[in-house]
Amino acid sequence: MVHGRKLAKETLLPSVLEHGDADTESEKPQLGERGVIRTEVNMQGPNSQNSSPDRNMLIGGEREGEEEEQEEEEEEEEEEDIKQEQLGGEDRVNSDDDYDTDLELRDQEDAYDPTGQTSYMEACEKLQVAPASNFLQQMKNSELSMMHRGLGPKGTEALAVPLVTNTSILRLNLRDNWMEGMGGAAIAEMLKENCYITEVDLSDNSLGDYGARAMAGMLKENSTLVNLNLSGNNFTDRSVEHLGSAIITNTKLQHLDLSHNSLGEHAGRILGDSLSENTGLRWLSLAWNCIRGRGAVMLANGLGMGRNPIQNAGCFGILKSVKDNPDSAMEALDFSDITVNQDFEDMYTALKENFPALTVIHGGRIDEPKDGCMKG
């Protein structure tokens, strides 16, 4: 028995020593992991077939081998990732930059809408108005004609949104759409930004004094509008108080229609003063207003002593206005330095029959020498 025990001890000794060596190895960086394995082996009961030293050594060795193999695989994968990063990192960065650039370009392409169709649909949805199919069909045309469409203030406001950036439309006709002051203000704000539209017809829209004020503000900033029709918009003398200063400032507008409004004598005086300083207007209509005698005199004085290049056509138009107004109290018209033609002379001759006290001074007939041709 002693011999057997000794033999068993001698038999076990190498295993214990080897196990001790394993403990020494466990002090390496893998200490924590191997300690766990050894604890699991030692928890086996003494009678368990897995509790023998040889069995413990076998299990521990196998697990250690598996762990080492796993660690080697992880190290290889890590090294491969480092190589890939070194070799392809720059390409990936460039690719990311290109990707961002592509996104920006796509965003710019989506935002570019020369006709404004997208913004119009969004504006209609926001303002809760039905999109006008007629407008959508004409957005690429050089002329937009939408007369008698009943747009109203909100419909006009929605229409104005895409026109801010539209580059196709040059002539805009929105006659008789009942846009009122708010709609007129929306169009005025649009015309402050749009630099392509040259002709606008806003007649018969009940713009009122509020709309006139908005139009005056627009005329002080717009530098492309040549023809503006504001006929039939319930303008009063107060409207002209706003428009008068704009007429002085604006030098691009050539045709202005203020007919069929409610302008009185006070408006005639204001317009006379404004027109005497204006250098751009070539045609002005004040038909069917209430300017009457005194207002007409002050208007004529502004036109005759001012710097307006009204020429023969302008003089003829003023003379015809006097003829068409049987209650006119006009006594003198001074068109000094402006030559007139035979039609003007014939009109003046006919006018003298009803207005014998009227005196007209001009710069002579076009086909006559200027010397001695002042006429009264």
Side-chain angles (χ1 to χ4, degrees), residues 199 201 203 226-232 235 240 243-244 247 251 253-376:
E199 299 182 16
D201 187 345
S203 58
V226 176
N227 192 325
L228 178 60
N229 188 343
L230 297 175
S231 174
F235 288 168
V240 177
L243 292 171
I247 291 174
T251 59
L253 191 66
Q254 297 180 10
H255 294 75
L256 177 61
D257 192 340
L258 295 176
S259 62
H260 294 272
N261 281 292
S262 301
L263 308 183
E265 291 185 355
H266 181 59
R269 181 184 64 80
I270 295 175
L271 288 174
D273 294 341
S274 301
L275 292 171
S276 66
E277 299 295 326
N278 178 276
T279 58
L281 273 179
R282 297 183 178 180
W283 186 90
L284 172 66
S285 177
L286 295 173
W288 295 100
N289 279 282
C290 302
I291 296 177
R292 298 188 181 277
R294 291 181 56 189
V297 170
M298 291 182 283
L299 178 62
N301 289 337
L303 287 171
M305 305 311 289
R307 298 187 293 273
N308 293 282
I310 60 175
Q311 302 176 350
N312 176 79
C315 296
F316 183 86
I318 294 174
L319 203 61
K320 186 176 183 300
S321 297
V322 175
K323 178 178 180 296
D324 293 340
N325 183 7
D327 297 326
S328 175
M330 185 71 65
E331 296 181 354
L333 291 173
D334 189 348
F335 299 132
S336 300
D337 299 327
I338 301 176
T339 55
V340 297
N341 59 16
Q342 187 60 46
D343 291 336
F344 181 90
E345 289 282 7
D346 294 341
M347 174 70 72
Y348 174 65
T349 301
L351 194 61
K352 288 285 287 184
E353 296 179 2
N354 295 325
F355 301 93
L358 177 64
T359 300
V360 177
I361 301 175
H362 58 74
R365 279 213 322 265
I366 296 175
D367 56 347
E368 289 182 353
K370 284 190 176 182
D371 295 339
C373 64
M374 297 294 288
K375 194 165 185 176

Checking the side chain of N341 only, and the main-chain atoms of F344 only, is there a donor and an acceptor separated by less than 3.5 Å?
yes
Atom OG1 in T279, atom CD in E277: separation rounded to 0.5 Å?
9.5 Å
List the steps, then state whether side-chain contact (heavy atoms from CB on, under 4.5 Å) holds for V340 with Y348.
CA-CA 11 Å; V340 297; Y348 174 65; over 6 Å; no
For G244 and S274 the tightest heavy-atom approach is O-OG, 3.0 Å
Return the NE2 to OG1 distance between H362 and T339, rounded to the nearest 0.5 Å.
9.5 Å
Could you state the interatomic distance from CG (L299) to CZ (R269), rounded to the nearest 0.5 Å?
12.0 Å
I270 and H266, any side-chain heavy atoms less than 4.5 Å apart
yes
Without swapping roles, check the side chain of D257 against the backbone of S259 for a donor-acceptor pair under 3.5 Å.
yes
Over all atoms of both residues, closest heavy-atom pair of L281 and N278
N-OD1, 2.7 Å
Looking only at non-hydrogen atoms, find the nearest pair between N227 and L253 and report the distance.
N-CD1, 3.9 Å
Which of these, D324, D343, L333, sits in a side chain to side chain contact (heavy atoms under 4.5 Å, CB included) with L319?
L333
Between the OG atom in S285 and the CG atom in L230, the distance rounded to the nearest 0.5 Å is 11.5 Å
Checking side-chain contact (heavy atoms from CB on, under 4.5 Å) for the pair L351/V360: CA distance, chi angles, key distance, verdict?
CA-CA 11 Å; L351 194 61; V360 177; 5.8 Å; no
From OG (S231) to CG (N289), nearest 0.5 Å:
8.5 Å
First locate atom CG of L256, then atom CG of L271, and finally report the distance between them rounded to the nearest 0.5 Å.
8.5 Å
List for me each residue that meets side-chain contact (heavy atoms from CB on, under 4.5 Å) alongside N354, sequence neighbours excluded, and say none if there are none.
none
Looking only at heavy atoms, the pair that brings L286 and L258 closest together is CD2-CB, 3.8 Å
Mind checking whether H260 and W288 have parallel, tilted or perpendicular rings, split at 30° and 60°?
parallel
V240 to A267 - nearest heavy-atom pair and separation:
CG2-CB, 3.7 Å
Non-hydrogen atoms of M298 and E265 that approach each other most closely:
CE-O, 3.8 Å
